[in-house]
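In each ligand, atom 1 is the first atom listed, and ligand 1 is the first ligand listed. Quick note: residue numbers are just sequence positions, from 1. Worth knowing before you read on, the calculation uses all heavy atoms, side chains too, and leaves out hydrogens, waters and symmetry mates.
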Amino acid sequence: MLRGPEIPDYVRGMMVYVPGKPIEEVRRELGIKDEIIKLASNENPLGPSPLALEAMRRALPELHRYPDGGGFYLRKAIAERFKLGMERVILGNGSTDIIEMIARAHLADGDEAVFSQQSFVMYPIAVASVNGRGVAVPATADRRHDLDAMAAAIGPKTKLVYIANPSNPTGTYVTRTEMDRFLDRIPENVLVAVDEAYHEYVEPGDYPDCLDDVRAGRNVIVLRTFSKIYGLAGIRAGYAFASEETIANLNQIRSPFNISHLAQVAGLAALEDEPWAARCRAQNIAELAFLHAELGRRKIAHTPSVANFILIEPGRDIQPLFLDLQKRGVIIRPMGGPGLANCARVTVGTRAENIRLLQALDDLLAADRK
Ligand SMILES: *Cc1c(COP(=O)(O)O)cnc(C)c1O
């Protein structure tokens with residue numbers, strides 16, 4: 001028998017990110033006639049920023065050229081917008097690219113990265129892919145980051161902490177006071193990556209803008225993305241802010257053309273499209289309140305969220321419920337693993353989409369209530 005190529009055990013053992021099936025494939029397999037609504041990936045229900053779309057159309061004839069490998073104009077615009085120097089900004093092929101770069105640049109074999117157990121799956125994956133050791137710290141009972149436990153989990157091998165704020169899939173957030181208390185406890189040789197993918201959606205006044213911590217010279221890198229509020233998940237554009245030194249370290253291992261020309265053009269235009277972001281934010285705030293209220297009225301257990309999704313816990317096996325919803329043309333994201341068994345994440349959609357989700361849940365959960 002032919003032996004295949006040898007790969008390291010840590011690669012063989014890695015958890016894999018499982019993407020959902022394409023909508024068209026679900027429709028074909030299940031013979032669904034209704035319009036399918038996808039509330040599985042926290043995408044913007046209003047679509048892409050119109051200014052970004054227009055800019056990409058105009059850029060199409062330039063696509064025989066390589067992208068600007070330094071991302072000059074987009075980095076410059078981001079730097080100006082957020083009042084930090086260009087040399088403190090890095091671009092990514094989505095912010096997940098930056099999550100991976102951070103792991104690659106900071107972890108040698110066996111080094112540790114600390115994150116919350118109920119947080120973004122990309123952290124353990126990025127850490128495992130470089131043979132680092134992920135330390136998943138259980139969340140609090142109300143599904144928030146347990147920052148005291150996370151600080152206590154930092155040991156001599158810890159080089160990195162990931163904090164999603166707000167967190168995915170829980171929708172909970174760390175407050176300014178909690179963040180300060182945590183950062184004060186972190187050794188200088190540890191980098192804290194604060195992933196603010198949903199930053200623009202958050203309403204409460206005690207939610208921290210960690211760019212202030214970057215400006216204050218704390219050992220923090222802040223990640224943002226064009227995927228969510230700007231509706232550009234398909235183009236892959238993310239960015240991050242840190243000290244000049246940290247950005248230089250990441251540039252050591254960044255792939256030279258990691259962000260495409262269209263992504264750079266789209267990001268540049270999206271930054272100018274504040275009316276779009278404001279509209280998406282306002283709609284999300286209204287629909288988030290609607291969903292919280294309607295879930296509450298139905299006594300469907302859920303975690304109060306400040307983002308564009310809600311973690312629900314309908315009190316039954318989640319996999320069959322997911323499949324039954326799918327048959328009704330409603331796609332959600334079932335969760336699993338420690339602390340998240342029989343939970344599912346639902347993206348906040350338009351009012352019509354949210355009503356369809358609630359009606360489908362009513363149909364399916366009615367039997368439980370008799
Ligand atoms: C959606 C999301 C991102 C964004 O990923 P992109 O690669 O920028 O599309 C990052 N972090 C978290 C926690 C997310 O949920």
> Given M122, K228, E43, which one has a non-hydrogen atom that is nearest to atom 2 (C) of ligand 1?
Replying inline: K228
> Relative to atom 8 (O) of ligand 1, which among T225, L223, N165, I163 owns the nearest non-hydrogen atom?
Replying inline: T225
>> Within the structure, is a non-hydrogen atom of G94 found at a distance of less than 4.0 Å from ligand 1?
In response: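 Heavy atoms of G94 do come under 4.0 Å of ligand 1.
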Based purely on interatomic distance, does [X] place a nitrogen or oxygen under 3.5 Å from a nitrogen or oxygen of ligand 1?
X    : result
D195 : yes
D97  : no
S227 : yes

> What is the nearest protein non-hydrogen atom to atom 7 (O) of ligand 1, stated with its residue, atom name and distance?
Replying inline: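 Here the closest protein heavy atom is R236 NH2, 2.6 Å.
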> To which protein heavy atom is atom 5 (O) of ligand 1 closest, and what is the distance rounded to 0.1 Å?
Replying inline: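 That would be S95 OG, 3.4 Å.
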> Side chains of R143 and S167: do they bring a donor and an acceptor to under 3.5 Å?
Replying inline: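 The answer is no; no qualifying pair exists.
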Salt bridge flag under 4.0 Å for residues [X] and [Y]:
X    : Y    : result
R104 : E100 : no
E353 : R356 : no
K157 : E112 : no

>> For T172 versus P304, what's the shortest heavy-atom pair and its separation?
In response: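 T172 and P304 have their closest heavy atoms at CG2-O, 4.2 Å.
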>> I'd like to check which ligand 1 atoms, numbered from 1 as shown, lie under 4.0 Å from a non-hydrogen atom of A197.
In response: 2 (C), 3 (C), 10 (C), 11 (N), 12 (C), 14 (C)
>> I need the atoms of ligand 1 closer than 4.0 Å to a non-hydrogen atom of N168, numbered in the order shown.
In response: 13 (C), 14 (C), 15 (O)
> Can a cation-pi geometry be assigned to R351 and F290, taking NZ or CZ under 6.0 Å from the six-membered ring centre and within 45° of the ring axis?
Replying inline: yes
> What part of Y198, side chain, backbone, both or neither, has a heavy atom within less than 4.0 angstrom of ligand 1?
Replying inline: side chain
>> Looking only at the aromatic ring of each residue, does the gap between the centers of F241 and F82 stay below 6.0 angstrom?
In response: yes
> For the ring pair F115 and H145, is the centre-to-centre distance below 6.0 Å?
Replying inline: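 Here the rings of H145 and F115 have centres that are no less than 6.0 Å from each other.
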